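Keep in mind that this is a model prediction, so the values were computed, not measured.
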Amino acid sequence: MTMLFPILVFVAVSLAIIGMAAWLSPTRTEQRLQAVAMPAGKSAWTEKAVKIVGPFAQLSSPTSDAELSPLRVRFLNAGIRHPDAYLVYFGTKTLLPLGLAALAYVGLRATGAAEDSTVMLLWLAVAALAGCYLPNLVLRLMIRSRRREIFENFPDAADLMLVCVEAGLGLDAGLVKVTEEIQVKSAALAQELHWTNLEMRAGATREKSLRNLALRTGVEEIGTFATM
């Protein structure tokens, strides 16, 4: 029974981490729906996560918009557009070190290694450090995966754009057509192209909309395309 308790605690913390990662990363079905409809409402699960974790974010989050701006760009690169995403991010960075340190302490007490105070402090420090950097790792993996998907599918989108222009469509109309076709292969790229279409319809210049597309995706080739 003594060994079963730390195992249950470990499983609970692991499920919490996986659930948080699943909240930050929408499924492909949700991405496709967002690419078509782009709902602006907030889900109940998102609101619950913000209410639970949000208050702890004040302990580690930056205090100025200038410090938050680079992080917001990273969220956009990862496909996260929720306005309260940074609260969940910094709240997790505050709670995870405490949770993993507590889990390490329980494990050390169960195995009898807590008798050596030096070893115990070392493991507690390692567990807290791992909890602090785990959200960074998850966000970095999400950014890398999304950039890779967009990078691999952007040449096909460019070819479709060329075909549309050669068929007599304007660039704006061609971009709309490409968005409709490319979502079957890449929901992430279709989502970004949809936002670009919305910006141009709202009155933004084509140059600014394409540069915003390059900023949101973080893909260098799209930046080159925007410059051309």
Walk me through it: do Leu100 and Leu124 pass the test side-chain contact (heavy atoms from CB on, under 4.5 Å)?
CA-CA 8 Å; Leu100 292 183; Leu124 292 181; over 6 Å; no
Closer than 3.5 angstrom, by distance alone: can the side chain of Ser145 be matched with the main-chain N or O of Leu141 as a donor-acceptor pair?
no
Do Val178 and Met200 sit in one hydrophobic cluster, given that two such residues count as connected whenever their side-chain heavy atoms are within less than 4.5 Å of each other, even indirectly?
yes
Can you give me the closest heavy-atom contact between Pro97 and Cys132, atom names plus distance?
CG-N, 3.6 Å
Sequence-distant partners of Glu152, side-chain contact (heavy atoms from CB on, under 4.5 Å), two or more places apart:
Arg148
Less than 3.5 Å apart, any donor N or O on the side chain of Arg216 or Gln191 sitting next to an acceptor on the other?
no
For Gln183 and Thr179: C-alpha separation, side-chain torsions, deciding distance, then whether side-chain contact (heavy atoms from CB on, under 4.5 Å) applies.
CA-CA 6 Å; Gln183 67 179 342; Thr179 303; over 6 Å; no
Look up atom CG in Leu175 and atom CG in Leu213, then write down how far apart they are to the nearest 0.5 Å.
8.0 Å
When hydrophobic residues are tied together by side-chain contacts of less than 4.5 Å, even through go-betweens, does Leu87 share a cluster with Val138?
yes
Taking only residues at least two apart or on different chains, which pairs with a member in residues 159-176 satisfy salt bridge (Lys or Arg N to Asp or Glu O under 4.0 Å)?
Asp172-Arg206
Can you check side-chain contact (heavy atoms from CB on, under 4.5 Å) on Trp195 and Asn212, steps first, answer last?
CA-CA 9 Å; Trp195 277 105; Asn212 287 340; over 6 Å; no
When rounded to the nearest 0.5 Å, the distance separating OG of Ser186 from CZ of Arg146 is 8.0 Å
Hey, what do you get for CG (Leu193) to CG (Leu160), rounding to the nearest 0.5 Å?
10.5 Å
For Leu215, which of Leu210, Ile222, Val73, Leu76 qualifies under side-chain contact (heavy atoms from CB on, under 4.5 Å)?
Val73
Pairwise side-chain contact, Phe90 with Leu71, heavy-atom cut-off 4.5 Å (strictly under):
yes
From Leu96 atom CG to Leu134 atom CG, the distance as rounded to the nearest 0.5 Å:
6.0 Å
Applying side-chain hydrogen bond (donor to acceptor under 3.5 Å, both in side chains) as the test, list every pair that has at least one member in residues 219-228; sequence neighbours left out.
none
Whether Asn77 side chain and Met142 backbone form a donor-acceptor pair below 3.5 Å
no
Note, His82 side chain near Val88 side chain (heavy atom, < 4.5 Å)
no
Hey, does Arg74 have a side-chain heavy atom less than 4.5 Å from the side chain of Ile143?
yes
Scanning both residues in full, the closest heavy-atom pair of Ala157 with Leu189 reads CB-CD2, 3.8 Å
Residues Arg81, Glu192; criterion salt bridge (charged side-chain N to carboxylate O under 4.0 Å, His left out); working and verdict
CA-CA 11 Å; Arg81 289 186 169 83; Glu192 296 299 340; 2.7 Å; yes
Quick one: OH on Tyr89 to CZ on Arg72, what's the gap to the nearest 0.5 Å?
14.0 Å
Should the pair Glu149-Arg144 be classified as a salt bridge under the 4.0 Å nitrogen-to-oxygen rule?
no
Once ring-ring contact (aromatic ring centres under 6.0 Å, His included) is applied, what residue pairs with a partner in residues 120-153 remain, sequence neighbours excluded?
none
Got a sec, which pairs hit ring-ring contact (aromatic ring centres under 6.0 Å, His included) with one end in residues 208-228, sequence neighbours left out?
Phe154-Phe225
Roughly how far apart are Lys208 NZ and Thr196 OG1, rounded to 0.5 Å?
12.5 Å
Might you point out which heavy atoms bring Ala128 and Ala101 nearest each other, and give the distance in Å?
CB-CB, 4.5 Å
Shared-cluster residues of Leu122, by chain and number - hydrophobic side chains joined below 4.5 Å:
Val126
